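Worksheet: one structure, shown below.
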There are 2 protein chains.
Amino acid sequence: MSLPHAILTALLEKPSSGLELTRRFDRSIGYFWSATHQQIYRELGKLEAEGLIRALPAEQPVRGQKKSYEVLPAGRAELARWTAAAQDPKPHRDTLLLRLRAAAMVGTAGLEADLRRHLDLHRQQLAEYEKIEQRDFPPGKDSAQDRLQHLVLRAGIDLETFWTQWLEHALAEFAELPGRDAK
Amino acid sequence: MSLPHAILTALLEKPSSGLELTRRFDRSIGYFWSATHQQIYRELGKLEAEGLIRALPAEQPVRGQKKSYEVLPAGRAELARWTAAAQDPKPHRDTLLLRLRAAAMVGTAGLEADLRRHLDLHRQQLAEYEKIEQRDFPPGKDSAQDRLQHLVLRAGIDLETFWTQWLEHALAEFAELPGRDAK
DNA sequence: CCTTGTTGTGCAACTAGTTGCATAAACCGT
DNA sequence: ACGGTTTATGCAACTAGTTGCACAACAAGG
């Protein structure tokens, strides 16, 4: 149950409308907790009903009209509670590793191309993160807030670095596989 | 839609009953694609209905009686198809990173203890993987199959290594945070 | 024999996330 | 003033995964 808390965090960083949230999920929070606009609107409704956030404008809340939300004290409290509460790590699910293991049984035919594609995607993501680091964390910005956010970004950078390296290694391994599409 | 394929892979490695599969998911495949026994039984039923696997024994299939399955040619074909098909990487979802980002807004109070706990869990997992590597991949075992499976295990080892290092770094960062539970 | 624990199988209900589509206002060219 | 595109909000149906529980067979101990 993390989506509501992701939204609370985003709204604390900056009160926003549903669409603005959606965009920010695409660029930032979504890097480790993605969500579609449908999910976000649904959740905004629930959070408002629970009294954790409220709609900002007194303007008529018509369809097709922007509606911004801000976090209420109860919402902040709930977020603090959730942040501090112990949580077990959820097991990862990685399709690519699964496919590799399947390939050990049914052959690697066709897999290599997709590995290359993934390598490319991870390189792009890495470049993206590094641009963000340059832009948002110049030396000197090191308030507690900055340090924590930077820490999160570092995790992203290091994870992408790991994947690019692993994929390069995997492709090298593929290149020297006995029969190429070994049974 | 990966669970059926995870099961096909496991059954190709060794025909098994539902419970045996469950156990092997806990020890091995489940490290990157976890599943509960309920999921597995449900999926075995579907796979059998689709003609991708079949029950082995001619013995009476009573409740509380072991029922083993093996993969049929159609199942192997489907697995090969799926393995080769291009698939976009699903975005990760990481609660811990989310909580850290929330902590940047509502304070780090209480979070440190759970970070330590996670560090411990990752260290355990790493030790587990390294034991498996020692046991299952002694130098010399390097058929195509072994190499591919080893590659997957390496990903697990390197990921856990990454997480332990990142968590150590995060905890060090926490230690020198200005007010300790910075707003 | 009879209860208690373990092994093995499975259904049902629920939760979270995804996909497809609907609706309406605003802006923009013609 | 009209039709097309973009911005913005949202509902409904579906899929995958989780949780809670039920039930049968068998083995072990009193």
Side-chain angles (χ1 to χ4, degrees), chain A residues 1-8 10-11 15-26 29-30 32-50 53-57 59-69 82 87-95 98, chain B residues 1-8 10-11 15-26 29-30 32-50 53-57 59-69 82 87-95 98:
Chain A
M1 271 263 316
S2 306
L3 178 58
H5 302 98
I7 290 178
L8 286 172
L11 285 181
S16 311
S17 69
L19 194 70
E20 281 163 354
L21 274 180
T22 304
R23 290 210 227 282
R24 288 170 55 210
F25 266 74
D26 285 344
I29 303 219
F32 47 89
W33 204 276
S34 64
T36 61
H37 75 270
Q38 292 92 331
Q39 264 180 293
I40 289 171
Y41 283 114
R42 199 199 302 165
E43 209 60 45
L44 282 171
K46 281 191 207 165
L47 287 170
E48 192 178 21
E50 289 166 15
I53 63 174
R54 72 160 177 199
L56 270 183
E59 298 154 42
Q60 69 284 20
V62 202
R63 256 182 169 242
Q65 202 76 12
K66 256 198 204 179
K67 201 164 58 173
S68 279
Y69 293 90
W82 177 81
Q87 265 181 260
D88 286 329
K90 289 254 177 267
H92 322 100
R93 293 229 157 95
D94 195 303
T95 321
L98 196 55
Chain B
M1 273 258 319
S2 306
L3 178 59
H5 302 99
I7 291 178
L8 287 172
L11 285 180
S16 311
S17 68
L19 194 68
E20 281 162 354
L21 274 180
T22 305
R23 290 209 226 282
R24 289 172 53 213
F25 266 74
D26 286 344
I29 304 221
F32 47 90
W33 205 274
S34 64
T36 60
H37 75 270
Q38 292 92 331
Q39 264 180 291
I40 288 171
Y41 283 116
R42 199 198 304 167
E43 208 60 46
L44 282 172
K46 281 191 207 166
L47 286 169
E48 192 180 22
E50 289 166 16
I53 62 173
R54 72 163 176 196
L56 268 185
E59 300 154 40
Q60 69 284 21
V62 203
R63 254 182 168 240
Q65 202 76 11
K66 258 196 207 181
K67 199 163 58 172
S68 279
Y69 293 91
W82 176 81
Q87 265 182 261
D88 286 328
K90 288 250 179 272
H92 322 102
R93 292 229 157 94
D94 194 305
T95 320
L98 196 54

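Just so we're on the same page: letters track the sequence lines, and every chain starts at 1. Just so we're clear, the structure is a prediction, and the values are computed from it rather than from any experiment.
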Q.
Classify A:T22 by what it touches in the nucleic acid, base, sugar-phosphate, or nothing, heavy-atom distance under 4.0 Å.
A. nothing
Q.
How many whole angstroms separate atom CG of B:L3 from atom P of D:dT15?
A. 16 Å
Q: Check the distance between D:dC11's P and A:I40's CD1 and give it to me in whole angstrom.
A: 15 Å
(Q) Is it the case that the side chains of A:R93 and B:S2 hold a donor-acceptor pair, with the cut-off being a distance below 3.5 Å and no angle test? (A) no
Q | Residue met sooner reading DNA chain D from 5', once A:E20 and A:K90 are mapped to nucleotides | A | A:E20
Q.
For a quick test of reading the model: is some side-chain N or O of B:R93 closer than 4.0 Å to OP1 or OP2 of C:dT18?
A. yes
Q: Using only heavy-atom distances, decide whether a donor-acceptor pair under 3.5 angstrom links the side-chain of B:R42 to the base of D:dT18.
A: yes
Q: Using atom CD of A:E43 as one end and atom P of C:dG17 as the other, report the distance to the nearest whole Å.
A: 8 Å
Q.
Is it the case that D:dG17 (base atoms only) and B:Q38 (side chain only) share a donor and an acceptor within less than 3.5 Å, ignoring hydrogens and angles?
A. no
Q.
Checking contacts here: which listed nucleotide (C:dG17, D:dT18, C:dG10) is nearest the side-chain heavy atoms of A:W33?
A. C:dG17
(Q) Expressed as a whole number of angstroms, how long is the span from B:L19:CG to D:dC23:P? (A) 20 Å
Q. When you check the phosphate oxygens OP1 and OP2 of C:dT9, does a side-chain N or O of B:S17 lie under 4.0 Å from one of them?
A. yes
Q. Between A:H37 (NE2) and C:dT19 (C1'), how many Å, whole number?
A. 10 Å
Q) Under 4.0 Å: is that the gap between some side-chain N or O of A:K67 and OP1 or OP2 of D:dG10? A) yes
